[in-house]
Amino acid sequence: MDIFSHPDFDGHEQVVFSQNDRHGLKSIIAIHDTTLGPALGGCRIWKYRSEAEALSDVLRLSRGMSYKAALAGLALGGGKSVILADSRTEKTPGMMRAMGRAVERLGGRYIIAEDVGAEVADMDQIAKETRHVSGLSGGAGDPSPWTAQGVFLALKAALRHRLGRDPGQELEGVRVSVTGLGHVGSNLCRMLAGAGARLLVSDIREDAVAGMVEAHGATAIAAEEAHSAAAEVFAPCALGAGLNAATIPQIEATIVCGAANNQLAVAGDDARLAARGILYAPDYLVNAGGLISVARPSTGLSEAQARARLEQIPETLLHVFALAEQGGVAPGAAADRLARARLNGTGPGPEA
Ligand code: NAD
């Protein structure tokens with residue numbers, strides 16, 4: 001497998017492969033950029049179809065973290081890790097502790113936290129081996145409600161911007177298709193329902209769908225139809241690459257705004273959405289709430305300062321929409337440019 005010429009390799013500072021046969025650990029830690037600070041990023045525990053798929057995922061996700069921290073104004077770099085395992089059947093405390101030792105060997109250049117398949121309890125195991133871990137019980141805690149809140153605020157800003165919805169009434173009667181009803185998606189559904197949205201919900205887990213139907217009177221739809229549902233907003237909150245050459249022509253929504261990382265299958269999908277008149281809210285910009293929360297111990301931000309940073313997400317999003325319009329590019333490209341400018345020291349720098 002080629003690394004330096006890999007399409008997702010972006011001059012990453014360090015990529016570390018770790019194996020521990022005793023505890024069944026196979027992991028990859030990717031540190032993309034530490035210009036602004038240590039690389040903080042979640043650990044995804046996932047049964048990948050291949051090692052190549054895992055490598056691609058961690059390379060893309062870690063780059064996204066550099067950009068996410070830069071746009072959130074945090075003094076943090078970008079990193080991410082993946083463990084190649086089924087989180088429901090293969091994850092053990094021993095595996096987590098072995099991962100903690102792999103993180104410890106990096107001496108603080110990488111700070112681990114939760115992502116898909118990882119829980120607060122896993123971080124507590126990792127913390128037995130390293131102090132370079134965030135999102136612990138009794139610490140910053142579960143980042144998902146913060147992530148959901150950031151997406152919720154961004155979604156309302158996008159509705160004001162694109163559909164001219166009145167402030168405070170943005171979601172009244174608006175149909176939102178939420179796919180992926182896990183930690184973030186379920187919190188987002190609660191906020192959307194509370195603001196008067198009509199929910200169309202989907203997940204590959206039937207119990208998760210039933211829970212949202214029961215709690216919020218949501219309408220259940222098939223996961224394969226989430227993107228093509230008749231709705232004003234499509235909110236992808238499952239895994240990545242949901243916006244691609246096959247799905248984009250079928251999207252009914254005018255706005256795409258969700259929590260999932262790496263929503264665009266390839267960079268050009270951003271322009272594909274714009275060409276169809278669909279407003280795309282860049283994923284790493286709108287889903288930064290969890291990072292802002294788990295970064296509190298590393299950045300020294302108080303809860304109130306972190307909340308204030310979270311509330312800046314919609315302003316940054318509107319700024320990116322303006323930059324995109326001025327530059328004649330799609331919002332994803334405008335967000336990338338703004339993030340790169342901050343990393344290169346040519347844009348407004350981190351404040352934390
Ligand atoms: P989660 O594991 O709790 O939930 C993911 C949900 O998606 C699960 O219910 C799963 O069954 C469902 N799912 C998986 N494949 C699906 C498919 N093909 N169609 C429909 N549903 C599917 O994860 P989460 O923490 O809620 O994160 C969701 C997304 O948001 C991920 O992409 C994650 O990287 C991103 N994200 C999460 C956070 C956070 O704070 N947790 C922060 C930033 C970004």
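Atoms within each ligand, like the ligands themselves, are counted from 1 in listed order. Values reported hereafter were calculated over all heavy atoms of this structure, with side chains retained and with hydrogens, waters and symmetry mates removed.
Sorted by first and then second residue, the ring-ring contact (aromatic ring centres under 6.0 Å, His included) pairs involving residues 293-325 (not counting sequence neighbours) are H161-F321. Listed by first and then second residue, the ring-ring contact (aromatic ring centres under 6.0 Å, His included) pairs involving residues 65-103 are Y67-Y284 (not counting sequence neighbours).
Near ligand 1, heavy-atom contacts under 4.0 Å come from R44, K68, D115, V116, P143, S144, T147, T179, G180, L181, G182, H183, V184, D203, I204, R205, A223, C237, A238, A259, A260, N261, N287.
Salt bridge R44/D115: present, at least one basic N to carboxylate O contact under 4.0 Å. Between R307 and E303, at least one side-chain N (NZ, or NE/NH1/NH2) sits under 4.0 Å from a carboxylate O, which counts as a salt bridge. With salt bridges taken as basic N to acidic carboxylate O contacts below 4.0 Å, one links E13 and R109.
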List the atom pairs, donor and acceptor, that lie under 3.5 Å between side-chain atoms in residues 209-230 and the rest of the protein, sequence neighbours left out.
residue : atom : partner : partner atom : Å
H227    : ND1  : E224    : O            : 3.4
H227    : NE2  : Q250    : OE1          : 2.7
S228    : OG   : E225    : O            : 3.3

